[in-house]
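Working notes, structure below.
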Amino acid sequence: MGSVAMELEVEGSGLDSDGRTFSSTQEMWEEETGGEDKKEEWYKKGVGYWENVEASVDGVLGGYGHVHQKDMQGSSAFLASLLPKMRGEGAHLVALDCGAGVGRVTEHLLLNHFHEVDLVEPVSHFLESAHEKLKGGKHSKSEAHRAVNFYCIPLQEFTPEAGRYDVIWIQWCIGHLTDADLVEFFNRAKAGLKPGGFFVLKENVARNGFVLDKEDHSVTRSDAYFRKLFSQAGLHLNQMKAQKGFPQELFPVKMYALTLEAPVIVQDVLQNKRPKRKINKPSIIR
Ligand code: SAH
């Protein structure tokens, strides 16, 4: 027992939903996705899982439909802290919703702030349901804020249109991508951001290493694991916040705002620092 606990504290080690332990991420990825055939199989099983799930908010939230409100509140507050950094007066704002499911995040969050939103989602009955709702359906928003493009494709095969997006929102889907595909996706998607744009990643976070889910074929990564991948993708962490108010039995959820440029130390921050006490010591007269 003690030795298992010790093992799990080792950086990079992990376990699966049946309780099996892996000594490294490499061991797990090799076993699950080593070789092209296995990798194809991994992605097929991931999408296959969602193909058998009802196209509803409760469905995409794995039966936790009741966390939807809290999730939206947390996301709204996080996005509100980013918008002033990107909003020029009268700017036409565009967002991309990745692994969009039934369009929950687009409908309840992104369309409140962005003039255009595109959705990318590999499961066709989810995307069709989003399309029904958001295009001309009874929930459709005003013309000033509309869902425009609906791409039915997995993220590992998708390349966003160059320079189109202020925000690329990625929520509860990146665990389906292998490390290499995650890094490559971010690298391709960088060109899809406008200057000063953000990636927002909202994800379950494992306390240590990773947890492989054998049912939906996804991996929950730790904060340290994510940060390593962000740096491999050449991204900078601009802001991070933990989601509050979710049921105890769920993984902690974190929101990461990532940028292409390193965050600038703003003057305000410097000014807010307590002034240094003047000390009597010799200094150079210029
Ligand atoms: N982001 C949505 C849906 C979350 S459910 C929301 O928060 O409401 C997880 C979603 O990830 C499902 O819609 C599933 O089809 C999608 N998904 C599974 N594999 C994916 C892949 N390889 N690329 C992109 N999305 C994927």
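Just follow the structure's listing: the first ligand is 1, and inside any ligand the first atom is 1.
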Output a table of donor-acceptor pairs, distance under 3.5 Å, between side-chain atoms of residues 244-263 and any protein atom two or more places apart or on a different chain; print 'none' if there are none.
from : atom 1 : to   : atom 2 : distance (Å)
E249 : OE2    : Y64  : OH     : 2.9
Y256 : OH     : D223 : OD1    : 2.6
T259 : OG1    : E261 : O      : 2.7

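- Considering only heavy atoms from C-beta on, F114 stays 4.5 Å or farther from V94 through its side chain.
- Side-chain contact check for E215 and S17: no donor-acceptor pair (N or O, by modelled atom type) lies under 3.5 Å.
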For ligand 1, list all ligand N or O to protein N or O distances below 3.5 Å, rounded to 0.1 Å.
from     : atom 1 : to   : atom 2 : distance (Å)
ligand 1 : 1 (N)  : G99  : O      : 2.8
ligand 1 : 1 (N)  : Q171 : O      : 2.8
ligand 1 : 7 (O)  : R104 : NH2    : 2.8
ligand 1 : 8 (O)  : R104 : NE     : 2.7
ligand 1 : 8 (O)  : R104 : NH2    : 3.4
ligand 1 : 13 (O) : E121 : OE1    : 2.7
ligand 1 : 13 (O) : E121 : OE2    : 3.3
ligand 1 : 15 (O) : E121 : OE2    : 2.6
ligand 1 : 22 (N) : Q156 : OE1    : 3.0
ligand 1 : 23 (N) : L155 : N      : 3.0

For this session: Please step through side chain to side chain donor-acceptor pair (under 3.5 Å) for the pair Q171 and D71, ending with a clear verdict.
Result: CA-CA 11 Å; Q171 179 162 358; D71 174 50; 3.0 Å; yes

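- Comment: E116 engages R164 in a salt bridge, judged by a side-chain N to carboxylate O separation of less than 4.0 angstrom.
- For K241, the NZ atom counts as loosely surrounded, since its 6.0 Å shell holds 12 or fewer non-hydrogen atoms of other residues, nucleotides or ligands.
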